[in-house]
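Before any comments, here is the structure.
The figures here come from the full heavy-atom set of this structure, side chains too, leaving out hydrogens, waters and symmetry mates. Naming: A, B, ... by sequence-line order, numbering from 1 per chain.
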There are 2 protein chains.
Amino acid sequence: MDDRTKTRRLEEFRQLCRARGIPMTSQRRAVLEVVLDLDCHPNAEQVYASPKVRRARISRATVYRTLESLVRLGLVSKACHPGSAVRYDGRTDLHHHLICLRCEAVLDFDDERLDALPIPDTSALGFEVSDFRVQLRGVCRRCRELEERR
Amino acid sequence: MDDRTKTRRLEEFRQLCRARGIPMTSQRRAVLEVVLDLDCHPNAEQVYASPKVRRARISRATVYRTLESLVRLGLVSKACHPGSAVRYDGRTDLHHHLICLRCEAVLDFDDERLDALPIPDTSALGFEVSDFRVQLRGVCRRCRELEERR
DNA sequence: TTAAGTGCAAAAGCTTTGCGGGTAG
DNA sequence: CTACCCGCAAAGCTTTTGCACTTAA
């Protein structure tokens with residue numbers, strides 16, 4: 001994520017904390033920065049292992065708790081993925097994903113035609129849609145190259 | 001899933017096994033049947049806990065291994081979800097999902113307009129798309145009712 | 001017969017929780 | 001001050017793995 005956007009997101013965080021009267025700690029700031037920096041849709045362990053978080057000596061439990069708080073605050077979202085650990089996404093705006101079914105990589109994908117998708121009416125099911133993602137499922141470059149070599 | 005489709009899918013399984021010369025065991029058959037019966041996109045523990053699998057005294061390890069084999073055979077797919085355990089989907093055809101961001105329910109959703117989505121060209125990224133899903137994210141009926149009561 | 005599958009139990013990976021001490025506002 | 005947060009450690013959930021035994025073809 002570019003620095004300009006990142007600065008804006010961190011300012012947004014500061015204001016949200018002030019508005020809700022919750023403390024803005026150095027730990028939370030570091031965790032948010034890492035998620036904004038990484039575009040690999042990391043799980044909590046990957047955030048925990050990141051140099052910035054390790055340098056700050058932040059505990060594993062705090063990383064897990066903080067990520068969930070950031071989601072509740074709407075500053076981070078959860079990525080939908082085929083694997084077995086919760087994955088976080090620094091982007092909360094409308095965008096889409098390429099999902100590799102071999103290595104479970106999640107790649108961001110922006111496309112105006114996908115954004116313009118007509119959202120179906122789900123009210124008959126009692127389901128309230130807030131947001132959507134198109135997931136293009138397949139095999140990423142790296143996995144394809146690995147398979148060719150064999 | 002209706003019985004007619006289920007019978008067809010089980011026959012497909014039998015033929016795939018024969019074609020590849022792999023044994024069709026009673027355990028695999030039971031696990032496949034359970035995934036086809038459930039439409040809740042169960043994780044491995046839920047399949048393990050199902051009456052049919054328990055009656056057959058199938059071990060936990062076999063459930064985990066079998067689910068992965070069925071995915072490799074293309075008889076079952078993995079659902080993309082926001083949570084922390086792999087979830088399986090008895091449907092492998094084109095369809096879409098409603099994702100509840102509160103309880104992480106995954107509901108099937110069929111819609112011809114979504115099916116007709118123009119698939120973007122991802123070849124520049126080296127990504128080969130095989131399939132897609134639209135995920136409508138929001139809050140399901142039950143979670144909305146629970147929140148109203150409070 | 002035999003390649004593959006299964007059960008068991010241990011280990012590894014991921015996540016939550018209770019509690020005593022610390023800190024932002 | 002004081003409500004909230006943090007680190008630690010233990011516990012709980014999910015998944016994988018090695019090995020000896022069993023089974024479908």
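Of the listed residues (A:Q15, A:R18, A:R29), just one forms a side-chain contact (heavy atoms from CB on, under 4.5 Å) with A:M24, and that residue is A:R29. Of the candidates A:N43, A:L38, A:V71, A:L70, A:V71 is the only one forming a side-chain contact (heavy atoms from CB on, under 4.5 Å) with A:Y88. Under the salt bridge (charged side-chain N to carboxylate O under 4.0 Å, His left out) test applied with B:E33, the options B:R28, B:R9, B:K52 reduce to a single match, B:K52.
Scanning both residues, B:M1 and B:G90, for their nearest heavy atoms gives CE-O, 4.1 Å.
Partners of B:R65 under the side chain to side chain contact (heavy atoms under 4.5 Å, CB included) rule, at least two apart in sequence or in another chain, are B:A61, B:T62.
One can place CD of B:E104 at 12 Å from C1' of C:dT15, the figure rounded to the nearest angstrom. Spacing between atom CZ of A:R20 and atom C1' of C:dA24 amounts to 18 Å, rounded to whole angstrom units. Per the geometry, CZ belonging to B:R57 stands 20 Å off C1' belonging to C:dG5, to the nearest Å. Remark: P of D:dC13 and CZ of B:R87 are 17 Å apart, rounded to the nearest angstrom. Atom-to-atom, CG of B:L16 to P of C:dA4 comes out at 16 Å; the value is rounded to the nearest Å. Atom CD in B:E45 sits roughly 15 Å away from atom P in C:dT15 (whole-Å rounding). Spacing between atom CG of A:L32 and atom P of D:dC5 amounts to 15 Å, rounded to whole angstrom units.
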In B/S/- notation (B base, S sugar-phosphate only, - none; protein heavy atoms under 4.0 Å), nucleotides 20-25 of chain D written 5' to 3' is ----SS
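With D:dC5, D:dT15, C:dT15 as the candidates, the nucleotide lying closest to the side chain of B:S84 is C:dT15.
Near DNA chain C, meaning a heavy atom under 4.0 Å away, there are no residues from residues 46-55 of chain A. Contacts between residues 58-75 of chain B and DNA chain C, defined by a heavy-atom separation below 4.0 Å, involve B:I58, B:S59, B:A61, B:T62, B:R65, B:T66, listed by number.
Cluster partners of A:I99 are A:L101, A:V106, counting Ile, Leu, Val, Met, Phe, Trp and Tyr whose side-chain heavy atoms approach within less than 4.5 Å, directly or via other members.
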For B:E147 and B:R102, run salt bridge (charged side-chain N to carboxylate O under 4.0 Å, His left out): C-alpha distance rounded to whole Å, both residues' side-chain angles, the deciding distance at 0.1 Å, then the answer. CA-CA 10 Å; B:E147 284 178 14; B:R102 294 274 186 287; 2.3 Å; yes
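Under the 4.0 Å criterion applied to side-chain N and carboxylate O atoms, A:R87 and A:E104 are not assigned as salt-bridge partners. The pair B:D93-B:R91 meets the salt-bridge criterion, with a side-chain N (NZ, NE, NH1 or NH2) lying under 4.0 Å from an Asp/Glu carboxylate O.
The aromatic rings of B:H41 and B:H95 sit parallel to each other, their planes meeting at less than 30°, with 60° as the upper class boundary.
Summary of helix geometry: the two end axes of the helix from C:dT1-D:dA25 to C:dG25-D:dC1, each defined by five base pairs via their C1' atoms, are inclined to each other by 50° (rounded to 10°).
More than 12 heavy atoms of other residues, nucleotides or ligands sit less than 6.0 Å from atom CD of A:E11.
Under the 3.5 Å distance criterion, with hydrogens and angles disregarded, no donor-acceptor pair is assigned to the side chains of A:H96 and A:D108. Between the side chains of A:E45 and A:Y64, at least one donor N or O sits under 3.5 Å from an acceptor N or O.
A cation-pi contact links B:R54 to B:Y48, judged by a cut-off of 6.0 Å to the six-membered ring centre and 45° from its axis.
Across all strands shown, A:Q27 has heavy atoms under 4.0 Å from sugar-phosphate atoms exclusively, and none from any base.
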